[in-house]
2 protein chains.
Amino acid sequence: MGEQDDRGLTRIQRRNRELILEGALTVFSNSGFRGATIDQIAGEAGLSKPNVLYYFASKDEIHKTLLTTLLDMWLAPLSNIDPEGEPLQEVLDYVAAKLRMSRQYPRESRLFAYEILRGAPHLTEILGGRLRGTVEDAVAILQDWMQSGRLRNVEPHHLIFSIWSMTQHYADFEVQVRAVLGKGHDPFSEAQEFLDDLYRRLLSP
Amino acid sequence: MGEQDDRGLTRIQRRNRELILEGALTVFSNSGFRGATIDQIAGEAGLSKPNVLYYFASKDEIHKTLLTTLLDMWLAPLSNIDPEGEPLQEVLDYVAAKLRMSRQYPRESRLFAYEILRGAPHLTEILGGRLRGTVEDAVAILQDWMQSGRLRNVEPHHLIFSIWSMTQHYADFEVQVRAVLGKGHDPFSEAQEFLDDLYRRLLSP
DNA sequence: CCAATTATTGACCAAAGAGTCAGGATCAGG
DNA sequence: CCTGATCCTGACTCTTTGGTCAATAATTGG
């Protein structure tokens, strides 16, 4: 996980804050904010409850720290779309990157899913601010590609929503996906194939 | 909402159970199971907490009743796919129906989203049972259409997942969608257009 | 090796929240 | 208008849980 403002933190502080955030990610992503208890987080981190509260003032602060710390990493792929790249391939790469993240970081996906479901009390400024900005940048690139006829014309915001929803679906609703598919399936690699085909069809000019 | 086993219930019982379930739907869909309190539900229903517990033995029972009561309604559109219909149109109708439900019943959508995120403790049997069965029926129809060349060949399970995820996204993550789009948008009608185009492209033989 | 700082914890506290219950209010049928 | 059944609630209990704190243990730098 990506803490880097180690300014003035002791070795122990760095290690324990990391342990706590790591444990909290597991607990919050399983139970949501209200469902999680500091005791569970402490247990997951291998620390005592008062010790957890020695490093973070409150449950809320742990949660907020997690969200803001992870948001950059979560949004990174969207900023990686290269305006100079081959349009279709850039989009397909983005889709693949998002799907890989759902497979590799399902806890992060669920953490954000819970938060947004709740109405995103800890993210409201960010949603209308940084997130929106990042999306607009990507939208501008997409629009440019579409206007120059190198990508088929579709509404770019909803294109992005579709990518988010379909890729994250495999992390957030994994229980359902697996239950419906039954055994002997690899949801993620099947999804990769499906999505590649889908966006190729949708976006080929 | 759809309670129908009114057998032997007095008028008052019917009315109050309905009030409670209605209030509980609002509260659970906003806060999730753990975040919801019986007091909030009582408040929403205009009843006292003990009175709520006079009609339902526990918070858990309210929740379980809600889920099982609403599941049928939620799944209905999938069973409405007509094997005799025009394949592409049938799928497009299903997509439209699901999107309409997201717009009209966002609370239901979020209720299920929360439950599945949690790992679906109240739905496990159903997921692998009734839901899976319903999906398999639809899959069979789709496969038939695809084999006879009336619909383009894609993996039908993932086709269904894609419909679920994209349509429910607009209900479950509405905060995010609105924040990203900004004012002056009608997410749902834009989505309708986008999805119609998408599935037409994907599935036209 | 010795302070001073940092880290840790057992034992608390207070609030919230699920669920109970005895008794009072209301209502429906006669 | 009476009575038994249904309905409702104030006041309660018990558990969980977020958070505090004083005392103890480790660590670190001089």
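Quantities reported herein were computed from a predicted structural model and do not represent experimental measurements. Throughout, protein chains are lettered first and strands after them, A, B, ... in sequence-line order, and every chain is numbered starting at 1.
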Below the 4.0 Å mark, does dT6(C) have OP1 or OP2 next to a side-chain nitrogen or oxygen of Asn16(A)?
no
Tyr170(B) and Ser165(A): side-chain donor and acceptor closer than 3.5 Å?
no
State, without any angle test, whether Ser31(A) and Tyr114(A) hold a side-chain donor-acceptor pair at a distance under 3.5 Å.
no
In terms of side-chain heavy atoms, does His158(B) have a donor or acceptor partner in Gln192(A) at a distance below 3.5 Å?
no
Starting at CD1 of Ile41(B), measure out to OG1 of Thr26(B) and round the result to the nearest 0.5 Å.
10.0 Å
Base versus backbone protein contacts along nucleotides 22-30 of chain C [heavy-atom cut-off under 4.0 Å; B, S, -]:
------S--
Within the pair Asn51(A) and dA7(C), is there a side-chain N or O less than 4.0 Å away from OP1 or OP2?
no
Gln13(A) or Asp39(B): which one's nearest nucleotide on DNA chain C is closer to the 5' end?
Gln13(A)
Tell me whether Glu136(A) at atom CD has more than 12 heavy atoms from other residues, nucleotides or ligands lying less than 6.0 Å away.
yes
Once you round it to whole Å, what is the distance between C1' of dT17(D) and CD1 of Ile41(A)?
12 Å
Whole-Å distance separating the CD1 atom of Ile20(A) from the P atom of dT8(C):
9 Å
Check every strand shown and say whether Ala42(B) touches a base, only sugar-phosphate, or nothing at a heavy-atom separation below 4.0 Å.
nothing
Look at Arg130(A) together with Asp72(A) and state whether they make a salt bridge at an N to O cut-off of under 4.0 Å.
yes
What is the separation between atom CZ on Arg17(A) and atom P on dT8(C), rounded to the nearest whole Å?
14 Å
Students often get this wrong, so: under 4.0 angstrom with heavy atoms, is Arg34(B) touching a base, only sugar-phosphate, or nothing?
sugar-phosphate
Without decimals, in angstroms, what is the distance between Arg14(B) CZ and dT6(D) P?
15 Å
Between dG19(C) atom P and Phe56(B) atom CZ, what is the distance in whole Å?
13 Å
Have a look at Phe194(A) and tell me which of Asp197(A), Leu198(A), Asp196(A) forms a side-chain contact (heavy atoms from CB on, under 4.5 Å) with it.
Leu198(A)
Is the distance between the ring centroids of Phe56(A) and His63(A) under 6.0 Å?
no
Separation of dA7(C) P from Leu47(A) CG (nearest whole Å)
12 Å
Using the side-chain heavy atoms of Tyr54(A), tell me which of these nucleotides is nearest: dT17(D), dT9(D), dA7(C).
dA7(C)
Lys/Arg-Asp/Glu bridge criterion (N-O < 4.0 Å) met for Arg103(B), Glu174(B):
no
Please tabulate, one pair per line, each protein N/O and nucleotide N/O from nucleotides 19-26 of chain D that are separated by under 3.5 Å, including the distance.
| residue | atom | partner | partner atom | Å |
| --- | --- | --- | --- | --- |
| dG19(D) | OP2 | Lys59(A) | N | 2.9 |
| dG19(D) | N7 | Lys49(A) | NZ | 3.4 |
| dG19(D) | O6 | Lys49(A) | NZ | 3.2 |

Which whole-number value in Å describes the distance from Leu9(B) CG to dT6(D) P?
12 Å
Without decimals, in angstroms, what is the distance between Tyr55(A) OH and dT6(C) P?
11 Å
Presence of Ser48(B) side-chain N/O under 4.0 Å of dC8(D) phosphate oxygens OP1/OP2
no
Taking only the side-chain nitrogens and oxygens of Thr10(A), find out if one of them lies under 4.0 Å from OP1 or OP2 of dT27(D).
no
Does a side-chain N-to-carboxylate-O contact under 4.0 Å join Arg118(B) and Glu115(B)?
yes
